[in-house]
Amino acid sequence: MPTITSVSGFPRIGQHRELKKAIENYWKGTTPLEEMRKVAAELRASHWQAQKDAGITLIPSNDFSYYDQVLDTAILLGAIPQRYSALGFESPEETLFAMARGYQDERGDVTALPMKKWFTTNYHYLVPEVDPGTPFRLSSTKPFDEFTEALTQGIATKPVLIGPYTFFKLATDASNEPLVPTPELVGSLIATYVEIVRKFVTLGATWLQFDEPYLVLDKNDDDIAFFTSLYEPILNAREDGAKILLNTYFGHIADVYEAVQALGFDAVGLDLVEGKEENLAVVEKNGVNPHTTLCAGVVNGRNIWRNNYADTLETLTRLRKHTENIAVNTACSLLHVPYTTADETDLAAEVTQHFAFAVEKLGELRDIAVLADPHTPEAEKEAILAQNVSLFAGNRVERDAQLAQRIADLTDANYVRTPARDERAVAQRAALCLPILPTTTIGSFPQTQEVRVARARFRRGEMSESDYHTFIAEQIISCLRAQENTGLDVLVHGEFERNDMVEYFGQHLNGFKFTKNAWVQSYGTRCVKPPIVWSDVSRAEPMTVEWSAFAQSNTDHPVKGMLTGPVTILNWSWPREDMSNEEQTTQLALAIRDEVLDLEATGIRVIQIDEAALREKLPLRKSDWHTKYLDWAIPAFRLVHSGVKPTTQIHTHMCYSEFNDIIRDIDAMDADVISFEASRGELVVLDAIEDAHFQTQVGPGVYDIHSPRIPTQVEIEGRIKEILAKIDVHQVWINPDCGLKTRGNAETWPSLEHVVAATRSLRKSV
Ligand code: GLN
Ligand code: ZN
């Protein structure tokens with residue numbers, strides 16, 4: 001029998017983002033519901049067909065979603081909070097969109113479910129809200145409909161479901177607390193999954209996939225017992241019908257491997273990209289249940305580089321010592337990679353040949369299956385291997401020897417800024433002459449239609465360089481005047497020249513490649529197009545100095561230089577796989593360091609280095625936090641700013657306030673000031689700041705910039721008082737939550753006026 005190939009999940013947004021467009025047009029009212037459904041069905045059909053044509057054995061269904069697969073699961077299990085069902089929509093899509101995006105119209109006014117990052121990816125899921133008093137019950141036919149739909153097309157798919165364990169762990173009750181596994185709730189959860197399995201058996205499904213990524217987190221005995229108690233009855237329900245594949249990804253399952261083996265799944269998917277060594281070690285130690293097929297997750301679903309077949313075959317050989325039942329799998333869903341390299345016609349073939357997006361990864365699965373099959377004729381194997389070897393032979397790109405030397409020459413002193421923060425604070429206070437509770441913003445100001453059009457016209461060559469220059473200069477000046485009139489203390493230039501906080505820097509650095517169509521779903525219909533780290537990274541030219549210096553020369557207030565930090569640039573790009581993330585981050589840190597020093601040399605006295613994505617890549621297991629990440633990510637930040645004078649004030653910004661558990665590491669970044677998102681009343685982090693005797697000055701956001709709502713002065717005063725109850729007034733800065741680029745001018749300026757008025761009124765009383 002040829003080796004089985006399995007795909008955990010396929011991108012659903014469409015090769016040309018057809019689904020995004022259809023859904024957004026439906027929201028706008030320009031596409032009727034039926035048309036949106038038709039586009040969705042066509043995309044499902046073409047995605048199944050692409051996988052069939054590539055010869056994939058286990059093709060997923062139910063990996064489609066109008067918004068998010070976790071939300072779909074919540075709806076499937078009947079976890080629809082009453083405020084959404086009360087809207088009384090007839091079509092299930094309308095209820096789904098209300099849960100995903102909120103709803104404000106004649107039927108009512110409800111906010112959306114909270115959104116969170118899906119493990120360590122840049123994909124966001126909606127957090128299911130479960131009423132502990134309402135048992136789960138099967139409430140949608142979506143997975144069954146899609147299975148039947150594919151069957152009509154002649155394709156017997158493998159339905160994919162978020163498993164009960166992961167679902168339960170991700171869900172919360174209405175007050176955001178983790179769910180308590182009461183007998184009623186757990187009993188109904190099991191019963192619903194059992195019903196799902198039985199239904200699929202009746203429909204003739206031969207394989208079902210249960211995704212349990214939550215298994216890769218730290219596990220104790222109680223977790224394992226809970227997991228086992230969920231799956232025993234579910235496995236019994238398959239009887240002699242469907243087989244069940246337990247799929248895990250984003251790390252290893254060493255803690256639960258024995259329990260998983262004992263349960264006797266028909267197949268177990270192991271991530272052999274992330275957590276590869278640990279997963280291999282646990283297989284080598286405990287062996288494999290003779291009944292179980294190992295789905296070897298060898299094709300990376302989270303990066304875009306070609307698979308190295310020789311390495312992969314070595315991994316398979318190690319597994320084969322313990323079992324003959326091996327299938328070849330993607331390491332996780334292909335949702336996290338773009339559709340196809342075929343659309344990247346602006347890149348040379350010598351470049352794109354090194355990339356495998358979703359479609360190319362299907363070919364890789366096939367190739368690996370052929371290579372792994374003992375019956376494949378040697379000549380065929382050699383042809384496949386030879387082609388692949390040529391991609392990895394020798395250096396893909398010439399290395400930058402000067403840069404390597406610069407890194408080798410770094411000493412501990414390069415990672416330490418002197419003098420100590422307290423002493424710097426005194427010098428900075430004298431140099432900057434700021435009032436107590438200084439006010440500032442996070443960097444960007446509204447990117448109006450006018451700004452976006454000008455940038456696009458300039459990019460397309462429809463606007464001359466000098467006209468574009470004049471345009472940006474005018475934007476900056478008027479933004480500075482408006483900030484002065486509003487009464488802000490530390491100003492920004494507004495970031496009008498930047499499309500994106502990572503791409504902009506990538507374009508000014510040596511070593512990056514950019515794609516045209518390589519979109520990846522981030523949440524709902526929102527997609528991102530990360531740049532690719534192609535070779536060693538260094539600064540090609542000053543990147544921000546001109547506009548920052550221009551802004552500073554046009555006002556007496558200090559203007560903050562605005563940079564993106566090395567960890568965030570790497571986290572929001574496709575990193576290289578032939579080099580460690582640590583090394584790539586160090587290269588980026590040196591490039592940004594040069595920029596920091598150039599900004600300082602032109603007279604910029606305050607420099608903000610955004611690390612919006614620092615928390616996002618924290619390893620899933622606590623024991624890995626320092627050794628695998630923080631021990632180099634935090635020093636990389638220090639390397640960026642350690643060369644500045646004591647009087648130069650370094651700021652940083654983080655988008656989420658969820659860093660109370662790494663608060664000391666944040667302090668160890670040794671910035672002078674940090675601003676972060678905190679307007680939704682996250683008091684936990686304020687407590688943590690107080691408890692940890694946090695040393696960095698802090699600007700917890702005083703209003704939410706994700707909403708067009710204008711906060712009142714009274715509200716902001718209340719918020720500042722909350723902050724001052726926990727943090728010393730001399731340590732506090734006043735600022736909004738995040739950058740204002742997605743906002744309009746209409747709400748931005750009144751909001752900032754209220755911020756300044758609130759601050760001024762409180763300054764009097766402290
Ligand atoms: N300086 C950036 C801005 O204001 C920061 C954005 C972010 O952290 N996401 O847009
Ligand atoms: Zn932010």
Side-chain angles (χ1 to χ4, degrees), residues 115-117 122 124 439-448 451-452 455 475-476 479-480 482-483 488 490-506 508 522-523 526 528 530 543-544 547-548 551 559-573 592 595-596 599 604 606-617 637 640-641 649-659 666 669 671 673-680 682 685 698-707 733-745 747-748 751-752 755:
M115 206 162 60
K116 272 203 171 160
K117 293 222 173 223
N122 196 16
H124 303 65
T439 53
T440 191
T441 61
I442 307 304
S444 58
F445 269 89
Q447 296 233 331
T448 55
V451 170
R452 275 180 278 135
R455 251 199 340 255
Q475 293 292 321
I476 292 175
C479 186
L480 290 171
Q483 291 174 75
L488 291 160
V490 174
L491 313 191
V492 296
H493 77 287
E495 301 182 28
F496 302 106
E497 76 288 9
R498 302 183 191 176
N499 42 354
D500 173 278
M501 63 186 283
V502 169
E503 195 171 49
Y504 177 81
F505 287 89
H508 291 81
S522 172
Y523 62 88
R526 197 183 141 75
V528 293
M543 306 181 278
T544 66
W547 289 125
S548 288
V559 174
K560 265 198 281 191
M562 201 51 67
L563 304 172
T564 302
V567 179
T568 299
I569 295 183
L570 194 74
N571 280 346
W572 287 349
S573 304
I592 307 295
E595 188 73 11
V596 165
L599 282 171
I604 301 296
V606 183
I607 301 171
Q608 178 173 310
I609 306 153
D610 291 325
E611 280 293 16
L614 190 119
R615 162 80 216 211
E616 174 185 317
K617 282 290 181 293
F637 185 85
V640 173
H641 71 85
Q649 191 169 61
I650 297 295
H651 290 219
T652 187
H653 167 74
M654 285 182 195
C655 284
Y656 302 95
S657 63
E658 277 186 16
F659 55 73
I666 305 288
M669 292 165 80
V673 181
I674 179 170
S675 62
F676 58 88
E677 187 176 322
S679 69
R680 292 176 215 157
E682 289 98 337
V685 72
V698 280
V702 295
Y703 79 90
D704 178 10
I705 59 90
H706 297 98
S707 150
W733 283 65
I734 306 296
N735 45 257
D737 252 356
C738 192
L740 296 158
K741 77 175 190 198
T742 54
R743 291 271 59 84
N745 282 308
E747 67 267 16
T748 294
S751 300
L752 291 175
V755 169

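Computed over heavy atoms, backbone and side chain alike; hydrogens, waters and symmetry mates excluded. Both counts, for ligands and for their atoms, begin at 1 and track the order of listing.
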Rounded distance (nearest 0.5 Å) linking atom CG of Leu491 with atom OG1 of Thr439: 8.5 Å
- request: Drop me the distance from Asn571's CG to Lys617's NZ, to the nearest 0.5 angstrom.
  value: 4.5 Å
field: Side-chain donor-acceptor contact under 3.5 Å, Gln649 with His651
entry: yes
- line: SG of Cys479 to CG of Asn745, rounded to nearest 0.5 Å, is 8.5 Å
query: What protein heavy atom is closest to atom 9 (N) of ligand 1, reported as residue, atom name and distance in Å?
result: Cys655 SG, 3.3 Å
message: Regarding ligand 1, does Cys738 bring an N or O atom to under 3.5 Å of one of the ligand's N or O atoms?
response: no
task: Give the intermediate values and the outcome of ring pair (Phe, Tyr, Trp, His ring centres under 6.0 Å) for residues Phe659 and Phe676.
output: CA-CA 10 Å; Phe659 55 73; Phe676 58 88; 5.0 Å; yes
query: What is the nearest protein non-hydrogen atom to atom 5 (C) of ligand 1, stated with its residue, atom name and distance?
result: Asp610 OD2, 3.3 Å
- request: To the nearest 0.5 Å, tell me how far Thr748 OG1 sits from Phe445 CZ.
  value: 7.5 Å
task: Could you tell me which atoms of ligand 1, counted from 1 in the order shown, lie closer than 4.0 angstrom to a heavy atom of Ala612?
output: 8 (O)
query: Are there any protein N/O/S atoms under 2.8 Å from the Zn ion (ligand 2), and if so, which?
result: His653 NE2, Cys655 SG, Cys738 SG
task: For Glu677 and Asp737, indicate whether the former's side chain and the latter's backbone hold a donor-acceptor pair under 3.5 Å.
output: no
statement: Value for SG (Cys655) from CG (Asp610), rounded to nearest 0.5 Å, stands at 7.5 Å
field: Proximal candidate to atom 10 (O) of ligand 1 [heavy atom criterion; set Ser444, Gly443, Pro736]
entry: Ser444
field: For ligand 1, the portion of Met562 having any non-hydrogen atom under 4.0 Å away
entry: side chain
message: Test your reading of the structure: does Trp572 have an N or O sitting under 3.5 Å from an N or O of ligand 1?
response: no
- prompt: Are the side chain of Ser675 and the backbone N or O of Gly699 linked by a donor-acceptor pair below 3.5 Å?
  reply: no
task: Drop me the distance from Gln447's CD to Arg743's CZ, to the nearest 0.5 angstrom.
output: 13.0 Å
- request: Would you indicate whether Lys116, at its atom NZ, is surrounded by more than 12 heavy atoms from other residues, nucleotides or ligands within a distance under 6.0 Å?
  value: no
message: For Met501, which part has a heavy atom under 4.0 Å from ligand 1: side chain, backbone, both, or neither?
response: side chain
task: Pull out every atom of ligand 1 sitting under 4.0 Å from any heavy atom of Gly739, numbered as shown with elements.
output: 3 (C), 4 (O), 10 (O)
Residue, atom name and distance, where the atom is the protein heavy atom closest to atom 8 (O) of ligand 1: His653 CD2, 3.0 Å
